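Encoded as structure tokens, the structure appears first; notes follow it.
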Protein chains: 2
Amino acid sequence: MAYTVPVIEALVQALRQLPGVGPRSARRMAYALLERKRPVMGELASALAHADQVVRHCERCNNLSDAPLCGICQSARRNPKLLCVVETPADVSAIEATGAFDGYYFVLMGHLSPLDGIGPEALHLDRFERLLDEGGFEEVILATNPTVEGEATAHFLADLVQRHGLRATRIAHGVPVGGELEFVDRGTLSSALSGRRAIEP
Amino acid sequence: MAYTVPVIEALVQALRQLPGVGPRSARRMAYALLERKRPVMGELASALAHADQVVRHCERCNNLSDAPLCGICQSARRNPKLLCVVETPADVSAIEATGAFDGYYFVLMGHLSPLDGIGPEALHLDRFERLLDEGGFEEVILATNPTVEGEATAHFLADLVQRHGLRATRIAHGVPVGGELEFVDRGTLSSALSGRRAIEP
Ligand SMILES: [Zn+2]
Ligand SMILES: [Zn+2]
């Protein structure tokens, strides 16, 4: 007897695919939109379609960008001697919000995870090595997550950086072990950056 | 120094307008979509645009529908003597899920709330009265929320129903006082329906 309107069910199913949204809250969202927030539907649909169409990865650093080169790579006002390696664009956003770093970035879009079949070739390391050769950096800060995979990735990259004749540093363990960089508060992230230490060759 | 991509910020702002989504989870959703769930973006955009375009209110009962008459009003297999009045389409969906009711509905799209300037004219009561006159119903179950406004609305409607010579009943107070019908479990809602009592003229 259950009464369903297919187009509403399709909306519920699509909303369920958002992170952190279960079946109950997806249904609640769908009805709230249809009953009381009609203008939001068009606005959100456009924002999704526009972002999907326009946002790509920066050709130099791999960060999310609406242009071939992201705003950071385009900027001449950053410290040209510092490169910071992170796992995701959300990590760039978190570090930028601290105001404690003014160099450039390289975004791996992941971390090494041999068990999941993610080896060095999946992390755009060819592009990373080209950046190390051409970038004129002196220090490469490895700011991968303080997880098992993030640490392993940092050590792998430290070797690579050192083979290119550059100094590799790791953000300090101010960040809680096992946590995700993206969710760390600004103060902690800020001290982790300033307390970074050299990785000995 | 904060680095923002306007098109990503627009997406974050649009996602924030979903119920239950704060600034932090909106940002998390936006990055998850852009980094890992690109196909969901187009799918959700289409589902939103399609539902916004196609879903309207049933001309007879006011429920959400993808046709001029909703599937329930179109059905000849429902009990033609019973009409159930609810506040929202989500309430129809909740009652249908109990399987305890097989009559027709009228959806008020709200409740009386004089303090907010919501009087009888806002609740489509002209259409409701037409349905009472033409519908051939014997009993009208008032299933507005068990809140102060919902109770006041039920009493107002009971008068109206009785003036049209029909029997008015109220769902039993199995539903928790002060709660919202939409979030009541099926069993409670089911007993509330079967335990309904007459409202004496
Ligand atoms: Zn860039
Ligand atoms: Zn209908």
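Values below: every heavy atom of this structure, side chains too, minus hydrogens, waters and symmetry copies. Everything quoted here is computed from the prediction, not taken from an experiment.
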Task: Minimal non-hydrogen separation, B:P6 against A:D66, with atom names - done: CD-OD2, 4.0 Å

Open item on the list: Please find the pair of heavy atoms, one from B:A14 and one from A:L44, that lie closest to each other, and give the distance.
Closed with: CB-CD1, 3.7 Å

Open item on the list: With side chain to side chain contact (heavy atoms under 4.5 Å, CB included) as the criterion, how do A:V5 and B:L64 come out once you've worked through the C-alpha distance, each side chain's angles and the decisive distance to 0.1 Å?
Closed with: CA-CA 8 Å; A:V5 179; B:L64 293 176; 5.6 Å; no

Between chain A and each of [options], count heavy-atom pairs under 4.5 Å; write down the option with the most.
| options | value |
| --- | --- |
| B:K37, B:M41, B:R77 | B:M41 |
| B:V12, B:V92, B:T88 | B:T88 |
| B:I72, B:N63, B:D52 | B:D52 |
| B:G71, B:A49, B:S75, B:S46 | B:G71 |
| B:R24, B:M29, B:R38 | B:R38 |
| B:G42, B:S93, B:G20, B:A10 | B:S93 |

Open item on the list: What's the separation between atom CZ in B:R56 and atom CG in A:L34, rounded to the nearest 0.5 Å?
Closed with: 12.5 Å

Task: Point-to-point distance, once rounded to the nearest 0.5 Å, from CG of A:L11 to CD of B:E43 - done: 11.0 Å

Chain A heavy atoms under 4.5 Å from [X]: which part of the residue, side chain, backbone, both or neither?
| X | value |
| --- | --- |
| B:R36 | neither |
| B:L15 | both |
| B:V55 | both |
| B:V21 | side chain |
| B:L33 | side chain |
| B:A32 | side chain |

Open item on the list: Please determine whether the number of non-hydrogen atoms from other residues, nucleotides or ligands lying under 6.0 Å from atom NE2 of B:H155 exceeds 12.
Closed with: no

Task: Neighbour count >12 (heavy atoms, 6.0 Å) for atom NE2, B:H57 - done: yes

- [ ] Heavy-atom distances under 4.5 Å only: say whether A:M109 touches chain B with side chain, backbone, both or neither.
- [x] side chain

Task: Among the listed options A:Q13, A:R27, A:R28, the residue most often paired with chain B at heavy-atom distances under 4.5 Å - done: A:R28

